[in-house]
Structure formats: C-alpha cells, structure tokens
Amino acid sequence: MILENMYIKEKQIFAKLLMESRMLEIIYSETFNLIFYKYINNSKGDDYKWIVRKMNLIIDAPFWVGEKSKWKEYIKGDNNIIVMDDNMLAYELVNIRYNNFIKVHKVEFLENYLCISLDNDRILSVAYCSDSEYSWILEECGDKNQQEKMAVFCQGSKIFIKNIVKEEFGNVV
C-alpha cells in the first residue's frame with residue numbers, strides 16, 4: 001500500500017513538472033531531447049512569469065507523435081506498442097516545432113504509455129519499455145551542480161525521482 005501511494009505521488013509530481021511547460025528545442029539524434037521551460041506563479045501568487053528552469057525529456061523507448069485522435073484510433077482494441085517510422089516521426093516533430101504545437105496541457109499514465117497532450121490535439125506517447133535501461137528521463141538542466149539537480153526516470157513502468165544525479169549521465173543514485 002505504501003509503495004503504491006509513493007508511485008501515485010511520483011506520477012503527480014512528474015505531471016506537475018510538465019503541466020503548462022513549453023518545448024524550446026527538439027534535437028534529433030539516437031534519442032530525442034525535448035527541452036522545456038516552465039511558466040509558474042510569481043512570489044506574490046497573483047501573476048505568472050516565465051522562469052529559466054529547463055528540463056530535458058530524454059526518450060529511449062518506442063514512442064508516437066501526432067494527432068491524438070489518430071493515435072487513439074490506432075490503439076483501439078490493441079495494446080501493442082506502436083512505433084512510427086523515421087520519416088513520419090521527423091515530419092511530426094518538425095510540424096510540432098515550427099507550428100508551435102508544443103504547450104503541455106495534460107499528462108496521462110496509461111497502461112502501456114506515458115501520454116503528453118500538446119497544442120492542437122497533438123500527443124507525444126512514450127511506451128513503458130523494459131528492453132532499455134530506461135524509457136525516459138526528465139532531467140533538470142542549467143547552472144546547478146549535479147548534486148542539486150533533480151531527475152525523474154521511468155524504467156519499465158516504474159517511476160523514480162531522485163535529487164542527486166551522478167556525473168555519468170543515466171546513473172541515478
């Protein structure tokens with residue numbers, strides 16, 4: 001029961017980190033680094049401002065980017081992992097980037113996917129993957145030293161939140 005409560009709390013913290021954030025940059029390589037910045041209340045609590053808190057969402061699992069309605073149609077009655085081909089993936093990422101469909105509206109943890117709803121009915125769905133060392137990592141980046149940074153990562157379908165990140169990227173203490 002305690003472990004289940006911790007898992008729910010971690011998911012809520014992760015969702016809170018992403019809500020209302022915007023991607024600044026998409027880098028295509030072996031993994032995709034989606035760099036966010038965060039819109040939060042100011043110290044008075046009556047207004048909002050953009051702050052320079054950047055988070056890298058690094059994906060190392062099958063994932064799908066595109067229109068939410070099409071994605072829901074693809075998975076209807078089928079729990080298999082959907083992988084987009086490289087051309088379609090590149091097209092969707094460019095479309096999201098240059099048409100600014102990148103504001104996070106909703107974060108959902110489904111049975112096989114983490115689903116991040118973006119602008120204009122777009123969705124980024126990342127599979128919970130046990131074949132990889134991790135499915136995704138949300139890592140704080142910036143001027144802080146490594147011991148002060150926060151990282152959230154998913155290995156299989158389990159989520160871990162850590163405040164200390166080792167020098168070797170990917171190893172979390």
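Below, all heavy atoms of this structure are taken into account, side chains as well, without hydrogens, waters or symmetry copies. Index from 1, following the sequence.
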Side-chain contact, heavy-atom cut-off 4.5 Å: Trp136 with Val152? yes

Roughly how far apart are Ile137 CD1 and Ile59 CD1, rounded to 0.5 Å? 11.5 Å

I would like to know whether Lys70 and Trp64 meet side chain to side chain contact (heavy atoms under 4.5 Å, CB included); could you show each step before the answer? CA-CA 11 Å; Lys70 287 183 183 176; Trp64 198 93; 4.2 Å; yes

Heavy-atom closest contact (Asp119 atom, Lys103 atom, distance): OD1-CB, 3.1 Å

CD1 on Ile159 to CG on Leu138, rounded to 0.5 Å: 10.5 Å

For Tyr128 versus Gly156, what's the shortest heavy-atom pair and its separation? CB-O, 3.2 Å

Heavy-atom pair of closest approach, residues Ser125 and Tyr113: CB-CD2, 3.8 Å

Can you give me the closest heavy-atom contact between Phe63 and Leu124, atom names plus distance? CD1-CD1, 3.7 Å

So SG of Cys154 and CG of Leu114: to nearest 0.5 Å the spacing works out to 7.5 Å

Can you tell me which residue among Leu18, Val126, Val65 is in a side-chain contact (heavy atoms from CB on, under 4.5 Å) with Ile116? Leu18

Taken in chain and number order and not counting sequence neighbours, the residues that satisfy side-chain hydrogen bond (donor to acceptor under 3.5 Å, both in side chains) with Lys11 are none

Please say whether more than 12 non-hydrogen atoms of neighbouring residues, nucleotides or ligands are located less than 6.0 Å from OH in Tyr91. no

Of all residues at least two apart in sequence or in a different chain, which pass the side-chain hydrogen bond (donor to acceptor under 3.5 Å, both in side chains) check with Glu10? none

Please report the closest heavy-atom contact between Cys115 and Ile123, naming both atoms and the distance. CB-CD1, 3.8 Å

Is there a donor-acceptor contact under 3.5 Å from the side chain of Asp85 to the main chain of Asn87? yes

Would you check if Met88 and Glu92 make a side-chain contact, meaning some heavy-atom pair closer than 4.5 Å? yes

Test side-chain hydrogen bond (donor to acceptor under 3.5 Å, both in side chains) applied to Ser157 - qualifying residues, sequence neighbours left out: none

Checking salt bridge (Lys or Arg N to Asp or Glu O under 4.0 Å) for the pair Lys68/Glu108: CA distance, chi angles, key distance, verdict? CA-CA 12 Å; Lys68 192 170 191 175; Glu108 298 172 273; 3.4 Å; yes

Distance from Asp60 atom CG to Gln155 atom CD, nearest 0.5 Å? 11.0 Å

